[in-house]
Amino acid sequence: MRRNTTMNMTEGKPMALLTVFAIPLLIGNIFQQAYNLADSMIVGRLLGANSLAAVGATGAISFLFFSFFNGISGGCGIITAQYFGARDEERVRLSISNSAYITLVSSTLTGLIAFLLVPTVLSWMGTPEEILPEAITYMRMTSASVPLVAIYNYASSMQRALGDSRTPLYFLIFSCILNIGLDLLFVGSFGMGVFGAAFATMLAQLLAGAGSLLYAFRNNPYFRLNRKYMRFDSRITKNAIRLGLPLALQWSLIAISTTALQTVANSFGPTAMAAYTATNRLEQLVQQPYGSLSMALSTYTGQNMGAGKKDRIRAGFRDDMLATVVLSFCMFLLMRFFGRNLVGLFVKETDVIDMGTRALEITSVYYIFLGTIYATRGILNGVGDAFFSFINGIVEIAGRVGLPLLLLRITDLGVWTIWTTAGLTWALAGLSCILRYFSWRKKSCCPEKLHNLITHALPARAFHAHGPFCFFICGGA
């Protein structure tokens, strides 16, 4: 008997729904980060700090090139969730097929461009000569894997839009375990260096994506598409791109800003780069509870938007913020008391561990702002506030590009500028997100813009019973 792989989030208590949906996402995200942790720990412990710095030097630029198709995929997921909430089954199926076309094209172009530009961009970033060859090797393998990673991202995005956060988890756990085994085999036994670490991740992601997609075709009724639902739909594609491009721009701007901060870290040499890589890996793990709640809130918001239930969206945000406060305090304590042990998982060099420990003490103060960014991002992306994405990206790029220049000029922070900049950028972005959220609440009912919403977003019947939802359009007002 096939299990029901969808979840209706338009009814029931918001916190209970968000928790049930977010827990598999959190487990999956933690396993996803195990990819990075496995790469970093195996490379750092077996190949040394310079190889770890080479892998770390590619992190920001990888994020930049992955941002484009991830943003487009996010727009596709929002549209699918909204149609699912509106109970428009035909358009849900059309959205699934058209999202596949969009993802295929965007990921292929992104991977090709990234592969060609890798040496130039890494040189622009001031990557030290002694680690540049390994950084280029690792990044080119990562670029070649973009279309393969897109398979998993597409499948999981569509399944989450339909309320299924469990299926992608199962395949992700399998691929993560496989990735760690392949890392040890390729790097430890075969001596393939950073190339082996990247190749292991590529194979594991491919298997996760293929397995998740095949399972969805077999078990989820919305994925059983005949010729009628495989046709190109210009309206759905236009709406998905209209939402996805601002998300892609947001993530690209954030990626550019992290690339700029990576450049600052590069200027302080391999020790700072290795410490920055280790703390980045740990803070990626810290972000997983926030990110899981954000993805859950985005799906929850998209479905309730389609159903026309504004009050439930606000209640969901309130509950999410309460959870964010508790999580931030717990992770602040974790980094304060166990930061040195955690950094020591990545490297053996004492100077790198000392620097990384102090860095975590600096950034952990700002975790509450980091959580706020994720909470507001989930709600505003879910309602389709495209202008917010632009604001969020601009604030982060201004922080990570402008603050180092200012701090290095007027303070004697030196290398600590790297992590002080990260924390202050979270604070600036978090405050701007809160202001945007309250602006959305104030503008959430503007009758004069209702016509545009109905005409360009969702079927009008989704809004008949519950009044105007102009916040989709008002986000850009």
Side-chain angles (χ1 to χ4, degrees), residues 61-84 90-118 121 139-162 168 201-202 205-214 216-217 220 222-256 295 298 302 381 384 386 389-390 393 456-457:
I61 191 63
S62 296
F63 183 30
L64 173 60
F65 286 119
F66 274 82
S67 294
F68 178 74
F69 87 84
N70 280 338
I72 296 296
S73 179
C76 294
I78 292 170
I79 289 294
T80 304
Q82 290 170 352
Y83 284 129
F84 183 74
E90 179 176 354
R91 289 200 167 275
V92 169
R93 288 184 168 89
L94 284 170
S95 180
I96 289 173
S97 63
N98 280 261
S99 295
Y101 308 147
I102 296 169
T103 301
L104 177 63
V105 173
S106 63
S107 63
T108 302
L109 289 176
T110 301
L112 178 61
I113 293 171
F115 187 89
L116 295 175
L117 293 182
V118 162
V121 175
M139 185 60 214
R140 278 200 153 155
M141 284 295 295
T142 301
S143 302
S145 71
V146 168
L148 306 180
V149 175
I151 297 173
Y152 174 79
N153 286 0
Y154 161 75
S156 59
S157 176
M158 293 297 102
Q159 289 163 338
R160 285 195 301 266
L162 303 176
T201 301
M202 175 190 289
Q205 287 275 18
L206 172 62
L207 291 175
S212 183
L213 197 57
L214 289 172
F217 286 141
N220 192 316
Y222 289 100
F223 278 81
R224 296 181 204 132
L225 307 174
N226 55 33
R227 186 180 297 273
K228 173 184 176 182
Y229 299 116
M230 295 295 289
R231 72 179 188 274
F232 174 76
D233 189 295
S234 60
R235 177 183 174 187
I236 290 175
T237 301
K238 178 181 177 182
N239 283 335
I241 293 176
R242 180 168 59 84
L243 287 179
L245 280 179
L247 289 176
L249 177 62
Q250 168 192 313
W251 287 109
S252 296
L253 289 173
I254 293 172
I256 291 171
M295 286 190 287
S298 183
N381 285 346
S389 301
F390 178 74
H456 297 110

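Just so we're clear, the structure is a prediction, and the values are computed from it rather than from any experiment.
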Looking at [X] and [Y], what are the two nearest heavy atoms and their distance?
{"X": "Met141", "Y": "Met202", "result": "O-CE, 3.4 Å"}
{"X": "Ile78", "Y": "Asn381", "result": "CD1-O, 2.9 Å"}
{"X": "Ser143", "Y": "Val118", "result": "OG-CG2, 3.7 Å"}
{"X": "Ser95", "Y": "Cys76", "result": "OG-O, 4.1 Å"}
{"X": "Ala144", "Y": "Pro147", "result": "O-CD, 3.6 Å"}

>> Using the rule given for side-chain contact (heavy atoms from CB on, under 4.5 Å), can you reason through Arg91 versus Arg235, listing the C-alpha separation, both sets of side-chain angles and the distance that settles it, and then say yes or no?
In response: CA-CA 10 Å; Arg91 289 200 167 275; Arg235 177 183 174 187; 3.5 Å; yes
Rounded distance (nearest 0.5 Å) linking atom [atom1] of [X] with atom [atom2] of [Y]:
{"X": "Ile96", "Y": "Phe84", "atom1": "CD1", "atom2": "CZ", "answer": "9.5 Å"}
{"X": "Ser107", "Y": "Ile151", "atom1": "OG", "atom2": "CD1", "answer": "8.0 Å"}
{"X": "Lys228", "Y": "Ser97", "atom1": "NZ", "atom2": "OG", "answer": "12.0 Å"}

>> Run the side-chain hydrogen bond (donor to acceptor under 3.5 Å, both in side chains) test against Thr237 and tell me which residues pass, sequence neighbours left out.
In response: Asn98
Side chain [X], main chain [Y], donor-acceptor under 3.5 Å:
{"X": "Ser145", "Y": "Thr142", "answer": "yes"}
{"X": "Ser212", "Y": "Ala208", "answer": "no"}
{"X": "Tyr101", "Y": "Met230", "answer": "yes"}

> With Leu112, which residues qualify under side chain to side chain contact (heavy atoms under 4.5 Å, CB included), at least two apart?
Replying inline: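 So Leu112 forms a side chain to side chain contact (heavy atoms under 4.5 Å, CB included) with Leu116.
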> Taking only residues two or more places apart in sequence or in another chain, which ones pass salt bridge (charged side-chain N to carboxylate O under 4.0 Å, His left out) with Arg231?
Replying inline: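 Checked Arg231 against salt bridge (charged side-chain N to carboxylate O under 4.0 Å, His left out); matches are Glu90.
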> With Arg140, which residues qualify under salt bridge (charged side-chain N to carboxylate O under 4.0 Å, His left out), at least two apart?
Replying inline: none
> With Tyr152, which residues qualify under ring pair (Phe, Tyr, Trp, His ring centres under 6.0 Å), at least two apart?
Replying inline: none
> Can you list the residues that meet the ring pair (Phe, Tyr, Trp, His ring centres under 6.0 Å) rule with Phe217, with sequence neighbours excluded?
Replying inline: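 Result, ring pair (Phe, Tyr, Trp, His ring centres under 6.0 Å) vs Phe217: Phe223.
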Any [X] side-chain heavy atom under 4.5 Å of [Y] side chain:
{"X": "Leu148", "Y": "Gln205", "value": "no"}
{"X": "Leu213", "Y": "Tyr154", "value": "yes"}
{"X": "Val105", "Y": "Ile72", "value": "no"}

> Should Asn153 and Thr103 be marked as a side-chain contact (heavy atoms from CB on, under 4.5 Å) after you check the CA-CA gap, both sets of side-chain angles, and the distance that decides it?
Replying inline: CA-CA 9 Å; Asn153 286 0; Thr103 301; over 6 Å; no
> Ile79 pairs by side-chain contact (heavy atoms from CB on, under 4.5 Å) with which of Ile241, Leu94, Asn239?
Replying inline: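 Among the candidates, only Asn239 passes.
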> Passes side-chain contact (heavy atoms from CB on, under 4.5 Å), Val146 versus Phe115? Steps please.
Replying inline: CA-CA 10 Å; Val146 168; Phe115 187 89; over 6 Å; no
> For Thr80 and Tyr222, what are the C-alpha separation, side-chain angles and deciding distance, and is it a side-chain contact (heavy atoms from CB on, under 4.5 Å)?
Replying inline: CA-CA 11 Å; Thr80 304; Tyr222 289 100; over 6 Å; no
